[in-house]
Number of protein chains: 2
Amino acid sequence: MDLSPTAYVVLGMLRHGPRSGYEIKQAVDRSTRFFWAASYGQIYPELRKLAKAGLVEGEERPQGGRRRTVYTLTDAGRERLRDWLAEDPELLEIRDEALLKLFFADAASPGRAAEIVDARRRTHEEKIERLRQIEPAAAGLADSDPYPYFVLRYGIAFSEWVVEWCEDARRELEELEPRERDESRRDRRKPDDG
Amino acid sequence: MDLSPTAYVVLGMLRHGPRSGYEIKQAVDRSTRFFWAASYGQIYPELRKLAKAGLVEGEERPQGGRRRTVYTLTDAGRERLRDWLAEDPELLEIRDEALLKLFFADAASPGRAAEIVDARRRTHEEKIERLRQIEPAAAGLADSDPYPYFVLRYGIAFSEWVVEWCEDARRELEELEPRERDESRRDRRKPDDG
DNA sequence: ATACTCATGTAAGAAGTTACATGATTAC
DNA sequence: GTAATCATGTAACTTCTTACATGAGTAT
């Protein structure tokens, strides 16, 4: 049976011990979210599928009168995770509306490109802030498993790089877009292209 | 009527003049692909929807005995594109298997983290190569519309940054992963975490 | 001839989001 | 008491990919 990529997120989140679906969702939001999100609508059905396949085991562990099912990796599940980790990563998908809008900026009103770049900068500044908030906790756990912290720092460094790029781009766009650009450009346009 | 994000890719690809579905797909593969992909299975149905909505207009323009439908932006379509460009970009989705595997590397065999980083480096080296191949063509068109070239250079710069990060990460992992790490680490692990 | 590119499309299904529903516990 | 958090789940829907089918033109 083939597993979806998100199934491996679930298996992976159980690598250090039992967790409930709710806890997995929380862990995803605090960690892999910026490069791999997952919703309840995926996690809960996935846990059941994995249990049926014998890769995880569910156990009722209510807290007070609150029902709660905690899942544990089985040996088969751990092996499956290991096998997947042993394959070279393939999938890399990006949907970046900011880049798309910048790409089409020629069809926008004059000066809009710079605003799009500014919006992109703000997005990544917020991302940095959010990641910095979870950084201390991640650093504390790095002792027993260094990789999540490693990846978190990648996320921060990446967004910092984007912010720098936006600042450079801003300056470049100002040279590119003097007030009269709109008129002068239209003259140079190939007939085919208008 | 709401448009899907990919509908705007189609509208945007018509901003400089009429194109067939086939040509749109080609343009996507040569340009927006690295941050926004689109398949025939989206493009052709989308063109029909947009035509029904009056945002594009199709015209039969066979080449030889080969049927061919070419679409043009209507005024309404151009306005719709402009309105969308005037809204701040929101969507940013990443699915990065390499980061996910690195995140879970603690559950992999020793030394696997470094291999994942190496694979990531290769992926982005290939990306740079592909982008460099289309760079001259993009640079040539920058005269009439500078933005696609602008975004292309972002793509190259980004992948170059990733390659550098991978080189740094490689070195850091070697410090982190001396041969005996596996044993020593297990001792420091909290009981909750095993 | 045969392989490649041009050209358009559909069907099936995977993957993922959103909104909703339910109900207990905890903090103020 | 009431708002937030803990906890689980489903249904409807959107989005997107993959695989397939068809057929003409072009280059070797």
Side-chain angles (χ1 to χ4, degrees), chain A residues 1-11 13 18-30 32-53 56 58-71 90-97 100, chain B residues 1-10 13 18-30 32-33 35-53 56 58-71 90-97 100:
Chain A
M1 202 212 28
D2 273 19
L3 298 184
S4 69
T6 298
Y8 291 107
V9 176
V10 172
L11 290 181
M13 285 302 177
R19 271 182 171 164
S20 68
Y22 189 80
E23 288 167 331
I24 289 172
K25 168 67 168 152
Q26 278 193 311
V28 165
D29 285 346
R30 270 187 282 108
T32 69
R33 178 172 227 216
F34 76 92
F35 59 91
W36 204 293
S39 64
Y40 286 123
Q42 287 174 275
I43 291 168
Y44 284 115
E46 199 60 69
L47 280 167
R48 300 197 152 205
K49 272 185 236 164
L50 292 171
K52 232 176 209 170
V56 304
E59 194 198 341
E60 291 303 318
R61 271 245 219 122
Q63 294 218 321
R66 209 187 250 158
R67 69 176 282 228
R68 184 159 161 273
T69 312
V70 155
Y71 292 87
E90 303 251 321
L91 202 145
L92 172 57
E93 264 179 40
I94 299 173
R95 305 236 157 217
D96 191 327
E97 216 180 35
L100 195 61
Chain B
M1 203 213 27
D2 272 19
L3 298 183
S4 68
T6 299
Y8 291 107
V9 177
V10 171
M13 285 300 177
R19 272 182 170 164
S20 66
Y22 189 81
E23 288 166 332
I24 289 172
K25 167 69 170 151
Q26 278 193 312
V28 165
D29 284 346
R30 271 186 280 106
T32 69
R33 178 174 228 218
F35 59 90
W36 204 292
S39 65
Y40 286 122
Q42 288 173 274
I43 290 167
Y44 285 116
E46 199 61 68
L47 279 167
R48 301 198 151 202
K49 272 184 237 166
L50 291 171
K52 232 175 210 171
V56 303
E59 194 198 342
E60 291 303 317
R61 275 246 216 116
Q63 295 220 319
R66 211 186 249 158
R67 68 176 281 230
R68 184 161 161 272
T69 311
V70 155
Y71 293 86
E90 302 254 322
L91 202 145
L92 172 58
E93 262 178 42
I94 300 173
R95 305 233 158 219
D96 191 327
E97 214 178 38
L100 195 60

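Every chain is numbered from 1, with letters handed out A, B, ... down the list of sequences. Because only heavy atoms are used, hydrogens play no part in the values below, and waters and symmetry mates are left out as well, while side chains stay in.
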Please give, in whole Å, the distance from C/dG9 P to B/Lys25 NZ?
16 Å
Tell me whether the OP1 or OP2 atom of D/dT8 has a side-chain N or O from A/Ser20 closer than 4.0 Å.
yes
Identify every side-chain donor-acceptor pair in residues 37-45 of chain A under 3.5 Å, counting partners at least two apart or on other chains, and give the distances.
residue : atom : partner : partner atom : Å
A/Gln42 : OE1  : A/Ser39 : N            : 3.2
A/Gln42 : NE2  : A/Thr6  : OG1          : 3.1
A/Tyr44 : OH   : A/Tyr22 : N            : 3.4

Hey, is the side chain of A/Arg48 poking within less than 4.0 Å of OP1 or OP2 on D/dT8, counting only N and O atoms?
no
Of all heavy-atom pairs linking A/Trp36 and B/Asp96, the shortest is CE3-N, 3.6 Å
So, the side chain of A/Arg19 versus the backbone of A/Met13: is there a donor-acceptor pair under 3.5 Å, distance only?
yes
Is any side-chain heavy atom of A/Leu11 less than 4.5 Å from a side-chain heavy atom of A/Leu3?
yes
Contact string for nucleotides 11-28 of chain D, one letter per nucleotide 5' to 3', B = base within protein heavy-atom range under 4.0 Å, S = sugar-phosphate only, - = neither, reads ----SSBB-----BB---
Spell out, as yes or no, whether a donor-acceptor pair under 3.5 Å connects the side chain of A/Glu59 to the backbone of A/Val70.
no
Main-chain N/O of B/Val28 paired with B/Arg33 side-chain donor or acceptor, under 3.5 Å
no
Whole-Å distance, A/Gln26 CD to D/dA7 P, equals 8 Å
When the distance from CZ of A/Arg33 to P of C/dT17 is rounded to whole Å, what number comes out?
10 Å
Using a heavy-atom cut-off of under 4.0 Å over every strand shown, decide if A/Glu60 touches base, sugar-phosphate, or nothing.
nothing
If only side-chain N and O atoms of A/Arg68 are considered, is one of them under 4.0 Å from the OP1 or OP2 phosphate oxygen of D/dA7?
yes
Tell me: OH of A/Tyr22 to P of D/dT8, nearest whole Å?
9 Å
Is the shortest heavy-atom distance from the side chain of A/Leu47 to the side chain of A/Thr69 under 4.5 Å?
no
Atom CD1 of A/Ile24 to atom C1' of D/dC6: distance rounded to whole Å?
15 Å
Rounded distance in Å - CD (B/Glu23) to P (C/dT5)
16 Å
Heavy-atom pair of closest approach, residues A/Glu97 and B/Glu90
OE1-N, 2.7 Å
Side chains of A/Val9 and A/Glu46, heavy atoms from C-beta outward: is any pair under 4.5 Å?
no
Would you mind reading off the distance between B/Ile43 atom CD1 and C/dT8 atom P, rounded to a whole angstrom?
11 Å
Rounded to whole Å, please give me the gap between CG in A/Asp2 and C1' in C/dA15.
14 Å
Quick one: label A/Arg61 by what it contacts on the DNA or RNA (base, sugar-phosphate, nothing), any heavy atom closer than 4.0 Å.
nothing
Through what angle, rounded to 10 degrees, does the axis of the helix from C/dA1-D/dT28 to C/dC28-D/dG1 turn between its ends, using five pairs per end?
30°
